[in-house]
Amino acid sequence: MAAAVAAVAAATTAEDEARLLRLEEQAEHGGGGAWDYLCLARRLRARRPAHVLRVGLALLNNASARSGLASEQWTLYEQVATAAMDCQRLDVAKDCIGVLSKQFPDSTRVARLEALLFEAKSEWAEAERAYTQILEINPFDQIVHKRKIAIAKAQGNMSLAIGYLNKYLELFMADHDAWRELAETYVSLQMYKQAAFCYEELILSQPTIPLYHIAYAEVLYTMGGLENLQTAKKYYASTIQLTGGKNTRALFGVCLCTSAINQLTKGRNKEEEGSELQRLAAEVLLNNYKQQAPSKGAPLSAACLKEHETQLIPTSSTHSECPDSIDS
């Protein structure tokens, strides 16, 4: 049932995107449908600023067409202002925001646009000040919190970005994208323990997403140590299970973790289950390379694995069939 729903959603999205391209070509060649194109671009959140700017400006400069939109013209001004900032047409953005500011002098939405214009000009202090004023009125404005994080990153101040991300997650703990961004920021600063904590939170909240399992495993593998390696191997294995045995990085991860664990323990207390998992992962890797790169893939894979542990590649591996999945 879930697969059928996903297939329908994908087909609908493809149809909408095809319609967007048709309307875009039609609007840019004077064939009408400009407003339909802009509405669809907003609904799909399609980032096509150059096209939106051209089509939107043509509508704004046409007095009769603009007045025909009635109250929706203010949405058009906002859309054109955003597209203009993306295209570095800051003069156009300033004019559109000026019109909106006169029409809605106390609007938080317009205030956000004004702050975005400061960002587009790289006037970071002014943008920060504007966002702070908005948060004084509404401390739970998610968009503004995210813009402050973006400003810190744009200036290369990763410590400040981490501080803002942590404050944001105190308010919006269920934002999985923010947890992932925080984890990746920690990894970029080699703060692996903190990154591991973020991935643990993600796995607890969304345990069926393979991306979180493999990211957590890779952080643990990087940290090293017997306990971390053993845990990393389990999460590589869970990634393999969740992806039906098709994740090459997880397959290599199982082999490398097993090799590292054996080096640390000098082969003591080998578990049969772990050895079997290792053997199956090696077989799948070799078969995948044989099918996708028969001229050099299998020898390259075998050499890579043998470099870490000669017993990884069984003599019958080149004749075995690729299993659908590998369980831990």
Side-chain angles (χ1 to χ4, degrees), residues 45 47 115-116 119 122 124-125 127-129 131-132 134-135 139-243 246-261 263-264 308 328:
R45 296 185 179 181
R47 191 153 186 162
L116 277 173
E119 281 192 67
S122 297
W124 308 119
E128 180 85 23
R129 193 177 303 112
Y131 287 134
T132 300
I134 295 172
L135 289 176
F140 299 99
D141 191 319
Q142 279 186 276
I143 295 175
V144 171
H145 280 287
K146 289 180 177 180
R147 292 317 312 165
K148 291 188 70 168
I149 296 165
I151 288 175
K153 284 196 164 188
Q155 297 177 88
N157 192 338
M158 305 310 288
S159 297
L160 182 60
I162 285 173
Y164 284 154
L165 274 164
N166 277 300
K167 287 180 182 178
Y168 174 83
L169 286 167
E170 287 175 6
L171 297 172
F172 310 101
M173 288 187 239
D175 191 329
H176 303 125
D177 290 334
W179 278 110
R180 184 180 171 191
E181 184 175 358
L182 181 58
E184 291 173 352
T185 305
Y186 278 135
V187 168
S188 71
L189 297 176
Q190 300 182 2
M191 300 171 69
Y192 298 118
K193 287 184 179 180
Q194 293 85 343
F197 174 80
C198 295
Y199 285 123
E200 287 167 0
E201 290 290 322
L202 286 167
I203 291 169
L204 283 171
S205 60
Q206 293 185 302
T208 60
I209 296 183
L211 176 64
Y212 302 154
H213 287 249
I214 195 167
Y216 182 48
E218 289 178 344
V219 167
L220 293 173
Y221 181 83
T222 303
M223 290 170 66
L226 182 59
E227 185 177 350
N228 286 331
L229 288 168
Q230 289 171 334
T231 307
K233 183 177 176 180
K234 291 177 182 178
Y235 279 90
Y236 278 127
S238 65
T239 303
I240 294 170
Q241 187 174 27
L242 289 167
T243 58
K246 296 178 181 178
N247 191 300
T248 302
R249 289 174 67 176
L251 292 166
F252 267 113
V254 164
C255 296
L256 298 180
C257 280
T258 303
S259 175
I261 290 168
Q263 289 176 16
L264 288 175
H308 292 274
S328 61

Practice task
Ignoring hydrogens and angles, tell me if any N or O in the side chain of His213 forms a donor-acceptor pair with the backbone of Pro207 under 3.5 Å.
Solution key: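 Such a contact is found between His213 side chain and Pro207 backbone.
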Problem - Donor-acceptor contact present, side-chain Thr239 to main-chain Ile214, <3.5 Å - result: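 Judged by distance alone, yes, a pair lies under 3.5 Å.
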Would a 4.5 Å heavy-atom cut-off, applied to side chains only, mark [X] and [Y] as touching?
X: Tyr221; Y: Asn228; answer: no
X: Tyr235; Y: Ile203; answer: yes
X: Tyr186; Y: Phe197; answer: no
X: Ser259; Y: Gln263; answer: yes
X: Asp175; Y: Gln142; answer: yes
X: Ile162; Y: Gln194; answer: no

Handout entry: Test log, rule side-chain contact (heavy atoms from CB on, under 4.5 Å), inputs Leu211 and Arg180
Key = CA-CA 10 Å; Leu211 176 64; Arg180 184 180 171 191; 3.3 Å; yes
Please report the closest heavy-atom contact between [X] and [Y], naming both atoms and the distance.
X: Ala178; Y: Leu165; answer: O-CD2, 4.0 Å
X: His176; Y: Leu202; answer: O-CD2, 3.5 Å
X: Leu229; Y: Ala260; answer: CD1-CB, 3.7 Å
X: Val219; Y: Tyr199; answer: CG2-CE1, 3.9 Å
X: Cys198; Y: Ala183; answer: CB-CB, 3.6 Å

Handout entry: Check ion pair Asp177-Lys146 (N to O, under 4.0 angstrom)
Key =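 Result for this pair is no, no salt bridge flagged.
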Practice task
Inspect the contact between Lys153 and Glu181 and indicate whether a charged nitrogen and a carboxylate oxygen are less than 4.0 angstrom apart.
Solution key: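 A salt bridge is present here (some side-chain N lies under 4.0 Å from a carboxylate O).
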How many angstroms lie between atom [atom1] of [X] and atom [atom2] of [Y], to the nearest 0.5 angstrom?
X: Glu218; Y: Leu256; atom1: CD; atom2: CG; answer: 10.5 Å
X: Leu220; Y: Lys233; atom1: CG; atom2: NZ; answer: 14.5 Å
X: Thr243; Y: Arg249; atom1: OG1; atom2: CZ; answer: 12.0 Å
X: Leu135; Y: Asp141; atom1: CG; atom2: CG; answer: 6.5 Å
X: Lys167; Y: Glu170; atom1: NZ; atom2: CD; answer: 8.5 Å
X: Asn166; Y: Leu171; atom1: CG; atom2: CG; answer: 11.5 Å

Exercise for the section: Check Tyr212, Trp179, Tyr216 against Glu200 for a side-chain hydrogen bond (donor to acceptor under 3.5 Å, both in side chains) and give me the one that passes. Expected result: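 Testing each of Tyr212, Trp179, Tyr216 against Glu200, the sole residue satisfying side-chain hydrogen bond (donor to acceptor under 3.5 Å, both in side chains) is Tyr216.
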Exercise for the section: Indicate whether any N or O donor in one side chain lies under 3.5 Å from an N or O acceptor in the other, for Glu119 and Tyr131. Expected result: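 Distance-only check passes for Glu119 and Tyr131.
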